[in-house]
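Both counts, for ligands and for their atoms, begin at 1 and track the order of listing. For this chain, numbers begin at 1 and follow the sequence in order.
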Amino acid sequence: MTKTILTGIRPTGNLHLGHLFGACNNWKKMQEEYNFFLEIADVQALTDNFNNPLKVRQNIKELVLDLLSVGIEPSKVHIFIQSKIPEIAELTVFYSNLVTVSRLFRNPTVKNEVAQKKELFGNNGESITYGFLGYPVSQAADITCFSGEVVPVGEDQLPLLEQCREIVRKFNSIYGETLKEPNPVLSNEKRLKGLDGNEKMGKSLGNAIFLVDDDETIQKKVMSAVTDPKKIKKDDPANPDICMVYYYHKIVTEKEDLENVCKECKNGERGCVACKQELIKNLKELLEPIREKRKYYEEHDEEVKKIIEEGTNVAKEVAKENMKKIKQAMEIDY
Ligand code: TRP
Ligand code: SF4
């Protein structure tokens, strides 16, 4: 039988190259082999954007357009919206009995995020909300509501998967064997760094190339990328391994050309401006088919709506069936 895969993504912004190489390319391979549910996690996005619901709302469509444009096939993947499946919220409530508050506080992913969101949750996390603290529980519901067996995630998500597995075991030990323990699969590429060398990429950092960036924006971003600081003149030899332009060449440039970049950089036979121009050209080539697909879907709004609607309908059916079994197991099927 085909295994079920479930993954989610928060609609809080457009996708960038980090998403493409870290997640989407992996999903594209997996959509060929699995029964694939892809959740637009709007409820989860609200846990740290509750004060900005419009941001979440606007990004749902943007995210779906991005996903379709990179080649997620709506005929193979059920794209659905979390808030349209109230069973997930219901399940979250049931699971919340199976988790201790201290275990949630110890979850490394939650801890890290709280530390990064001081504005929202206070300098020492003293203003953390019940909703944010509990989002691992809700994510466990996301997964098990659809009997997700395989969950492709980034490394930062592993503690959430571990917590989900704990909830599943606890549930099964109390209510009888009902739920499947999901297995994470790590995206094979390691996390892409920003053009400035920062481990984290983001809009506010200005160090990420978004799939929707136009030529001018890409030009500007690549031109300001961090290179070997020792290289001042065009014919200074440099070290490509400490240059972010080379780092990106490694991702988008063909092998032979790449070897050239490396050699010419080391020998002082290549200027940084020309090197950046070559990267820009290759980036545009990479983005060209993505832009084309996006344009198609932007011009076919009804089709996009239908894709979401159909994905959500399938998800709804599966969630309903599963809820029946879960409620039976919990003796609340009255
Ligand atoms: N927490 C995930 C992230 O921030 C998104 C997500 C929501 C998710 N629900 C999920 C991932 C279920 C895997 C499975 O990237
Ligand atoms: Fe980086 Fe290219 Fe300049 Fe070398 S020549 S330092 S690889 S931008």
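The aromatic rings of Phe171 and Tyr95 stand perpendicular to each other, their planes meeting at an angle above 60°, with 30° marking the opposite boundary. Under the 30°/60° scheme for interplanar angles, the aromatic rings of Phe146 and Phe80 are found to be tilted. The aromatic rings of His16 and Phe210 sit perpendicular, their planes meeting at an angle over 60°, well past the 30° parallel limit.
Those atoms of ligand 2 that come under 4.0 Å of a heavy atom in Cys275, given as number and element, are 2 (Fe), 5 (S), 7 (S), 8 (S). Every atom of ligand 1 is numbered from 1 in the order shown, and the set under 4.0 Å from a heavy atom of Val153 is 13 (C). Residue Ala41 approaches ligand 1 through these ligand atoms, each under 4.0 Å from one of its heavy atoms: 7 (C). Set against the non-hydrogen atoms of Thr227, the atoms of ligand 2 under 4.0 Å away are 8 (S). Set against the non-hydrogen atoms of Leu6, the atoms of ligand 1 under 4.0 Å away are 12 (C), 14 (C). Short contacts between ligand 1 and Val151, defined as distances under 4.0 Å to a heavy atom of the residue, involve ligand atoms 13 (C), 14 (C). The atoms of ligand 2 that sit less than 4.0 Å from any heavy atom of Val245 are 8 (S). Proximity to Tyr246 (heavy-atom distance under 4.0 Å) selects the following atoms of ligand 2: 7 (S).
Within a 6.0 Å radius of NZ in Lys76, other residues, nucleotides and ligands contribute more than 12 heavy atoms. Enclosure of atom NZ in Lys295 is not indicated, since only 12 or fewer non-hydrogen atoms of other residues, nucleotides or ligands lie within 6.0 angstrom.
At least one N, O or S atom of Cys272, from either the backbone or the side chain, sits less than 2.8 Å from atom 3 (Fe) of ligand 2.
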Next on the checklist: One pair to check against side chain to side chain donor-acceptor pair (under 3.5 Å): Glu149 and Asn183. What are the steps and the verdict?
Outcome noted: CA-CA 6 Å; Glu149 299 167 81; Asn183 288 305; over 6 Å; no

Checklist entry - Does the side chain to side chain donor-acceptor pair (under 3.5 Å) test come out yes or no for Tyr296 and Glu303, once each step is laid out? => result CA-CA 10 Å; Tyr296 170 84; Glu303 199 175 323; 2.7 Å; yes

Checklist entry - How far apart are the C-alpha atoms of Asn322 and Ser147, what are their side-chain angles, what is the distance that settles it, and do they pass the side chain to side chain donor-acceptor pair (under 3.5 Å) test? => result CA-CA 8 Å; Asn322 252 328; Ser147 313; 3.0 Å; yes

Item to check | Evaluation steps, side chain to side chain donor-acceptor pair (under 3.5 Å), between Asp214 and Thr217 | outcome: CA-CA 5 Å; Asp214 58 19; Thr217 311; 2.4 Å; yes

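Of all protein heavy atoms, the one lying nearest to atom 9 (N) of ligand 1 is Asp142 OD2, 2.8 Å. Looking only at heavy atoms of the protein, atom 4 (O) of ligand 1 is closest to Arg10 NE, 3.4 Å. Looking at atom 4 (Fe) of ligand 2, its nearest protein heavy atom turns out to be Cys265 SG, 2.3 Å. In terms of protein heavy-atom proximity, atom 1 (Fe) of ligand 2 is nearest to Cys243 SG, 2.3 Å. At the shortest separation from atom 3 (C) of ligand 1 among protein heavy atoms lies Gln157 NE2, 3.5 Å. The protein heavy-atom contact nearest to atom 5 (S) of ligand 2 is Arg270 CG, 3.6 Å. Counting only heavy atoms of the protein, atom 5 (C) of ligand 1 lies nearest to Gly8 O, 3.4 Å.
Considering only heavy atoms from C-beta on, Val226 stays 4.5 Å or farther from Cys243 through its side chain.
Residue Gln44 has at least one N or O atom closer than 3.5 Å to an N or O atom of ligand 1. On a distance-only criterion, Gln139 and ligand 1 share at least one N/O pair closer than 3.5 Å.
Judged by a 6.0 Å distance limit and a 45° cone about the ring axis, Arg10 is positioned over the six-membered ring of Tyr135.
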